[in-house]
Amino acid sequence: MKNYDIAIVGAGILGVAHAFFALKNDLKVALLEKEAAPQAATVRNFGQIVPSGMDNKWQALGRQSLAVYKAIQAQVDISVRQEGSIYIASDAEEMRLLEELAKINKGNDYASTLLSKEECLQKYPGLKSDYVLGGLFFPEEVTLDPRVAIHRIITFLREQYSLDYYPNTSIHHIETGKAGHQLINNQKLAIQAAKVLICSGSDFQTLYPKVFKNSDLKYVKLQMLSTYPQTGLKIPGSILTGWTIRRYESFQECPSYVQIKAKEDPAAFHRQWGIHILFKQSADGRVIIGDSHEYQAVNEEKSLDFQMDSAINEAIIQEAKRIYTLPNFKIEKSWIGIYSQCQERDIFEAEPLPDVHIVTGIGGKGMTGSFGWAEQNIKRLFHS
């Protein structure tokens, strides 16, 4: 029997972030992943680390995460690039929100710079002049390749902190005894831990399904696309556009937000499907474009459709063409991602048994906020 201070079920970014801080606190940690490698929401996103899009609470946590990503990158290449993020306003209302957020950022001591139309066009030559009114730039923010970063972080933790990592290991039951919790698994490994942390993402069926069934959690399905590698093109960092300004939580704290949102048509196609347009170029030259959002509560009887909707993809491409000029918009790949988030809370927590904790439902904040939130949660769990 191998004994641990904490066993973490799920090797997505939220589980890995908890493993990082548990190891930093000299705890003996087991990280268990049911697949051969993480393949859910953690590897299906843009890889944009953008505290700028979060409310005050999560911006602070995201800024802590930024520091962690940069600290790990200083020791080993996990694909982090610090090229900043920019929000591009397409009209006077969006520009007003950028100006108001800039003031909020100043009060929070978070670096941001308002850019004129001309400065935006100079910094991002592919932007279309008839779209851009101005921008708000965040120099501290980074991008990474999510399909690369999570694997390299796990390897880093194994090599530098002696993390015990168990891929292809599905936990289907937890037995509690006097000596701790035994994690009953498909590999028949004898694993026991004083505490168990379940970071199960959108898997609500394997462990404690009744807990999830009675929760306010919902599934969120998104669609994203990637072009073929683009030659003669360089898009630095993250580009976030007008519909994003009208959507992200940080802007909801702006004085004009409610008034501006009240004017919008909720029946517009892009609002029905939660579409907003983001651009990020990967190291190999491909441009990732997206995304959409479709919601369904976990306690609904029907299942969330797993199919790709071509009308949504076409709407994404058409709006992207209105914003940015690429050498070509030929799409090489498209995919769906599914993550979970709460309807009433900002993250889901439950304790189905003493010292067995569930943490999921972090929503679209996972890549940006997980390290900051995990640091606090490890302190709470171990009273450190």
Side-chain angles (χ1 to χ4, degrees), residues 8 10-25 29 31 37-38 40-55 57-86 105 108-112 137-161 163 165 199 201 235-240 248 250 278-284 288 337 339 347 359 362-379:
I8 300 171
I13 192 62
L14 190 56
V16 167
H18 279 89
F20 176 80
F21 284 106
L23 291 163
K24 294 274 283 186
N25 281 274
V29 180
L31 179 64
T42 293
V43 298
R44 301 190 192 189
N45 62 83
F46 277 91
Q48 297 175 326
I49 314 304
V50 285
S52 55
M54 310 298 177
D55 64 21
K57 171 186 173 180
W58 283 91
Q59 184 188 97
L61 296 173
R63 292 167 68 177
Q64 292 174 244
S65 295
L66 272 179
V68 173
Y69 282 121
K70 292 175 184 179
I72 296 175
Q73 178 68 28
Q75 298 176 71
V76 60
D77 182 11
I78 58 170
S79 76
V80 168
R81 292 181 291 168
Q82 185 176 337
E83 297 175 328
S85 304
I86 191 165
N105 294 333
N108 293 341
D109 195 29
Y110 190 43
S112 67
F137 180 68
F138 292 83
E140 293 299 318
E141 297 186 344
V142 306
T143 61
L144 51 76
D145 183 341
R147 301 185 184 189
V148 169
I150 193 68
H151 307 296
R152 293 183 180 175
I153 295 171
I154 291 171
T155 299
F156 170 73
L157 296 181
R158 294 178 72 186
E159 293 176 351
Q160 298 296 319
Y161 292 94
L163 168 69
Y165 177 52
C199 298
I235 300 177
S238 301
I239 295 180
L240 307 97
Y248 271 7
S250 57
L278 314 176
F279 299 89
K280 181 201 139 187
Q281 189 172 28
S282 58
D284 60 12
I288 303 171
Y339 62 77
I347 194 166
V359 179
I362 195 171
K365 306 182 293 293
M367 292 302 291
T368 296
S370 285
F371 280 101
W373 198 87
E375 181 175 16
Q376 294 185 3
N377 198 37
I378 287 295
K379 289 179 180 177

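On a predicted model such as this, the values are computed, not experimentally measured, just so you know.
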task: Check P146 against V43 and note the closest heavy-atom contact, atom names and distance.
output: O-CG1, 3.7 Å
query: Between the side chain of S370 and the main-chain N/O of A17, is any donor-acceptor distance below 3.5 Å?
result: no
- prompt: Side-chain contact, heavy-atom cut-off 4.5 Å: L157 with Y165?
  reply: no
query: Between K24 and E375, does at least one N-O distance fall below 4.0 Å, as a salt bridge requires?
result: no
- prompt: Can Y339 and T42 be said to form a side-chain contact (heavy atoms from CB on, under 4.5 Å), step by step?
  reply: CA-CA 9 Å; Y339 62 77; T42 293; over 6 Å; no
message: Could you check whether S112 and N105, counting side-chain N and O atoms only, form a donor-acceptor pair closer than 3.5 Å?
response: yes
- prompt: Stepwise, does the side-chain contact (heavy atoms from CB on, under 4.5 Å) test hold for L23 with Q160?
  reply: CA-CA 10 Å; L23 291 163; Q160 298 296 319; over 6 Å; no
- prompt: Is there a side-chain contact between Q64 and L61, using heavy atoms and a 4.5 Å cut-off?
  reply: yes
- request: Heavy atoms only: give me the nearest A37-H151 pair and the separation to one decimal.
  value: CB-CE1, 3.5 Å
Separation between OH of Y69 and OG of S79, rounded to the nearest 0.5 Å: 9.5 Å
field: For the student: nearest non-hydrogen atoms of R81 and Q281, plus distance
entry: NH2-O, 2.7 Å
query: Which distance, rounded to the nearest 0.5 Å, do you find between the CG of L31 and the CZ of F20?
result: 14.0 Å
task: List the steps and the verdict of side-chain contact (heavy atoms from CB on, under 4.5 Å) for M367 and L144.
output: CA-CA 10 Å; M367 292 302 291; L144 51 76; 3.8 Å; yes
field: Spacing of R63 atom CZ and N108 atom CG [to the nearest 0.5 Å]
entry: 7.0 Å
task: List the steps, then state whether side-chain hydrogen bond (donor to acceptor under 3.5 Å, both in side chains) holds for S238 with E141.
output: CA-CA 9 Å; S238 301; E141 297 186 344; over 6 Å; no
field: Neighbour count above 12 (heavy atom, 6.0 Å) for D284 CG
entry: yes
query: Cut-off 3.5 Å, side chains only: do Q73 and D77 have a donor facing an acceptor?
result: yes
query: Looking at OG1 of T143 and CD1 of I288, how far apart are the two atoms once the value is rounded to the nearest 0.5 Å?
result: 9.5 Å
task: Working to the nearest 0.5 Å, report the span between CZ of F156 and OH of Y161.
output: 5.0 Å
query: Hey, does the side chain of K70 reach the backbone of V142 with a donor-acceptor pair shorter than 3.5 angstrom?
result: no
- request: Applying side-chain contact (heavy atoms from CB on, under 4.5 Å), run through I362 and W58 and close with a yes or a no.
  value: CA-CA 11 Å; I362 195 171; W58 283 91; 3.9 Å; yes
- prompt: Are I13 and F371 side-chain neighbours, meaning at least one heavy-atom pair lies under 4.5 Å?
  reply: yes
query: Are any side-chain N or O atoms of S85 and backbone N or O atoms of F138, one a donor and one an acceptor, separated by less than 3.5 Å?
result: no
task: Indicate the ring-plane relationship of W373 and H18, choosing parallel, tilted or perpendicular according to the 30° and 60° boundaries.
output: perpendicular
message: With a 4.5 Å cut-off on side-chain heavy atoms, are S65 and T368 touching?
response: no
message: Can you confirm whether I154 sits close enough to P38 that some side-chain heavy atom of one is under 4.5 Å from a side-chain heavy atom of the other?
response: yes
message: Distance check, rounded to the nearest 0.5 Å: L240 atom CG versus L278 atom CG?
response: 5.0 Å
